[in-house]
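What follows is a short report on a single structure.
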2 protein chains.
Amino acid sequence: MKQLHESAPVSQEADVSSDEAMREHLGYSLKRAYMCMHRKATDELEKFSLKVRSFSALSLIVANPGIPPSRLAEILQIERSNLVLIMDELETRELISRTRDPHDRRRFALNATLRGKRLQEKAAAATLAQQTQITARFTAAEYETLTAFLRRIEEEA
Amino acid sequence: MKQLHESAPVSQEADVSSDEAMREHLGYSLKRAYMCMHRKATDELEKFSLKVRSFSALSLIVANPGIPPSRLAEILQIERSNLVLIMDELETRELISRTRDPHDRRRFALNATLRGKRLQEKAAAATLAQQTQITARFTAAEYETLTAFLRRIEEEA
DNA sequence: TATTGTTATACTCTATAACTATA
DNA sequence: TATAGTTATAGAGTATAACAATA
C-alpha cells in the first residue's frame, strides 16, 4: 500500500506537470488571456511608438474631448501622478494639448491634436485588425457573450 | 453649421466622459476583469501572508510534486531568475523544500511540506469561496462557457 | 478646507546578462 | 557546448506623500 506521507518525490514521471491545478481560479485564466492580448497589442503598437497605456489614454482623449486629467486617471484607474508622465509624452509628441479650463483654473482640458487623432485611428485599426485574427473563430454572438461576462465580473467584484 | 475643426473644447457637458471607446478592445475589458479578481485575491491571500504570485507557485508545487524550478518558471511564464526569490521565501517559511535531483544534479526537486500543503489548502478555499461570490450570478454552464472562451484566446494568440 | 496638477520617491514586477556547477 | 539555478542589476509599473495654485 502506498504511504500517505511519501518523502520528497524527485522527478516527474515523464512530462505530466501542468497548470491544471490553477485553472479552477478564474483570475489565473483571466490573467493569461489578458497577457496574450497585451503582448500582441504591445507588438502592434510599437510600430506607432505607443505603449498600451499611452494608446489607451490617447484613445480616451480622442473620444472625450476636453476631459480633465483627474477624470482620465479615474477612468483608467491609475494615479493622477502616474498619468502626468504619459500626458507629458503625448504632449511632447504633439498628439494632445493641455489647455487651462477658464471656468476652473485648477483644471486642464485635454484634447487630441489632428495628428493625435490620425495616429489613434491608425493604431486602433491595427490593434483591432489583429484582435480580429485572434477572435476569428468566435461567432459574433460568442464574442458578445464573452464581453458581457467580462463586464459582469467587473460589476460583481 | 458646426465647424469640422472646432478648437480645444474645454469641459464636458455634465458627466458624459466614459471608457466606452476602449470597450471594443478585448484586451481592455480582459485587463479590467483580471484586475478585479487580482485585487480580491490579494486581499484574501494577505490573511495567509501570500501574494498571488507565491500562492500560484505554491499551488503548482503541491499539484506537481518534484517539479524542477525551470519547469515551474515555464508554466508560470516568468523568468527563472525571478522565481528564485519566490522559492526562497516559500522555503524560508518551510512551505516547500528544495532537494537535489540525484539523476541530474543541476536540478532541484520542489516539494510542498505538510505545512505548505495545509496553507495552500486553506488559501485556495478562501480565494475560491470569494470567487464563488463574484461569479454567483453565473450559471454553471455560463461559467464553463467563459473559461472555455479564455482558453481559446490563449490558444489562438 | 478641499481639489487639481505636479514632483519626488519608494516599492514591486519584470527582463537581461553573467556566473557556477553540472551534464 | 548546453542547461539549471543563481546573482546582480536595470527598467517598467505602481503607490504615497507633499507641494503650489486655485476653488
Side-chain angles (χ1 to χ4, degrees), chain A residues 10-12 15 17 27 31-32 34-35 38-39 41-43 45-46 49-57 61 66-92 96-111, chain B residues 10-12 15 17 27 31-32 34-35 38-39 41-43 45-46 49-57 61 66-92 96-111:
Chain A
V10 147
S11 67
Q12 289 300 107
D15 200 7
S17 64
K31 171 160 192 181
R32 291 179 80 97
Y34 155 63
M35 287 303 291
H38 188 267
R39 263 191 298 272
T42 299
D43 291 348
L45 291 172
E46 212 245 325
S49 302
L50 287 171
K51 294 173 193 165
V52 174
R53 221 346 112 65
S54 51
F55 169 71
S56 302
I61 293 168
I67 191 172
S70 56
R71 174 68 183 141
L72 182 56
E74 189 180 45
I75 292 178
L76 284 172
Q77 296 177 179
I78 64 177
E79 296 298 319
R80 282 172 301 154
S81 57
N82 293 328
L83 183 57
V84 174
L85 293 176
I86 299 169
M87 292 186 301
D88 283 349
E89 205 221 321
L90 293 175
E91 191 182 34
T92 301
I96 65 164
S97 65
R98 280 191 262 219
T99 56
R100 285 274 178 202
D101 180 340
H103 300 93
D104 183 344
R105 294 186 49 74
R106 289 173 305 184
R107 286 172 184 269
F108 279 114
L110 301 176
N111 288 281
Chain B
V10 147
S11 68
Q12 289 299 109
D15 201 5
S17 64
K31 171 161 191 182
R32 291 179 79 97
Y34 155 63
M35 287 302 291
H38 189 268
R39 263 191 300 272
T42 299
D43 290 348
L45 292 172
E46 211 246 324
S49 302
L50 288 170
K51 293 172 195 166
V52 173
R53 217 353 105 67
S54 51
F55 169 70
S56 302
I61 293 168
I67 191 172
S70 55
R71 175 67 184 141
L72 183 56
E74 189 179 44
I75 292 178
L76 284 173
Q77 296 177 181
I78 64 178
E79 294 300 317
R80 281 173 300 153
S81 57
N82 292 329
L83 182 58
V84 174
L85 293 177
I86 298 169
M87 292 186 301
D88 284 349
E89 204 220 321
L90 293 176
E91 192 182 33
T92 300
I96 66 164
S97 66
R98 280 191 260 219
T99 57
R100 286 274 178 203
D101 181 341
H103 300 94
D104 183 344
R105 293 187 48 74
R106 290 173 303 182
R107 288 174 183 270
F108 281 114
L110 301 176
N111 288 281

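The sequence lines fix the lettering, A, B, ..., with proteins before strands; numbering per chain opens at 1. Every heavy atom of this structure was used, including side-chain atoms; hydrogens, water molecules and symmetry mates were not. No experiment lies behind these values; they were computed from the predicted model shown.
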Tell me which nucleotide among [options] gets nearest to the side chain of [X].
{"X": "Lys31(B)", "options": "dT14(D), dG5(C), dT6(D)", "value": "dT14(D)"}
{"X": "Arg107(A)", "options": "dG5(D), dT14(D), dG5(C)", "value": "dG5(C)"}
{"X": "Ser70(B)", "options": "dA4(D), dT7(D), dG5(C)", "value": "dA4(D)"}

- [ ] List the protein contact pattern of nucleotides 16-23 of chain D with one symbol per nucleotide (5' to 3'): B for base contact, S for sugar-phosphate-only contact, - for none; contact means a heavy-atom distance under 4.0 Å.
- [x] B-----BS

Task: 5′-ward residue of the pair Arg98(A)/Arg53(B) relative to DNA chain C - done: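 By nearest-heavy-atom nucleotide position, the 5'-most residue is Arg98(A).
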
Task: Which residue lies more 5' along DNA chain C, comparing Val84(A) with Lys51(B) via nearest heavy atoms - done: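 The residue closer to the strand's 5' end, by nearest nucleotide, is Val84(A).
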
Tell me: [atom1] of [X] to [atom2] of [N], nearest whole Å?
{"X": "Leu110(B)", "N": "dT6(D)", "atom1": "CG", "atom2": "P", "answer": "9 Å"}
{"X": "Asp88(B)", "N": "dG5(D)", "atom1": "CG", "atom2": "P", "answer": "13 Å"}
{"X": "Glu74(A)", "N": "dA15(D)", "atom1": "CD", "atom2": "C1'", "answer": "17 Å"}
{"X": "Leu85(A)", "N": "dA10(C)", "atom1": "CG", "atom2": "C1'", "answer": "15 Å"}
{"X": "Ile86(B)", "N": "dG5(D)", "atom1": "CD1", "atom2": "P", "answer": "14 Å"}
{"X": "Leu83(A)", "N": "dG5(C)", "atom1": "CG", "atom2": "P", "answer": "9 Å"}
{"X": "Glu46(B)", "N": "dT12(C)", "atom1": "CD", "atom2": "P", "answer": "13 Å"}
{"X": "Ile78(B)", "N": "dA4(D)", "atom1": "CD1", "atom2": "C1'", "answer": "15 Å"}

Open item on the list: For the backbone of Glu91(B) and the side chain of Arg98(B), can you confirm whether one donor and one acceptor N or O come within less than 3.5 Å of each other?
Closed with: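 No, the answer is negative, given that no donor and acceptor are paired below the 3.5 Å cut-off.
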
TODO: Using modelled atom types only, decide if a donor and an acceptor are shared between the side chain of Arg53(A) and the backbone of Ile86(A) within a distance under 3.5 Å.
DONE: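 Answer holds: no.
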
TODO: Verify the contact: side-chain N or O of Arg39(B) to OP1 or OP2 of dT14(D), cut-off strictly under 4.0 Å; return yes or no.
DONE: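 No, Arg39(B) has no side-chain N/O under 4.0 Å of OP1/OP2 on dT14(D).
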
Distance in Å, [X] [atom1] paired with [Y] [atom2], rounded so as to fall on 0.5 Å steps:
{"X": "Ser54(B)", "Y": "Leu85(B)", "atom1": "OG", "atom2": "CG", "value": "11.5 Å"}
{"X": "Leu83(A)", "Y": "Ile78(A)", "atom1": "CG", "atom2": "CD1", "value": "4.5 Å"}
{"X": "Arg106(A)", "Y": "Ser70(A)", "atom1": "CZ", "atom2": "OG", "value": "9.5 Å"}
{"X": "Ile75(B)", "Y": "Ser17(A)", "atom1": "CD1", "atom2": "OG", "value": "4.0 Å"}

Open item on the list: Using the side-chain contact (heavy atoms from CB on, under 4.5 Å) definition, which of the options Arg80(B), Met87(B), Glu74(B) pairs with Pro69(B)?
Closed with: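 Testing Pro69(B) for a side-chain contact (heavy atoms from CB on, under 4.5 Å) against Arg80(B), Met87(B), Glu74(B) leaves exactly one candidate, Met87(B).
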
TODO: Under 4.0 Å between any heavy atoms, over every strand shown, what does Met35(B) touch: base, sugar-phosphate, or nothing? Just pick one.
DONE: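 The residue Met35(B) makes no contact with any strand.
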
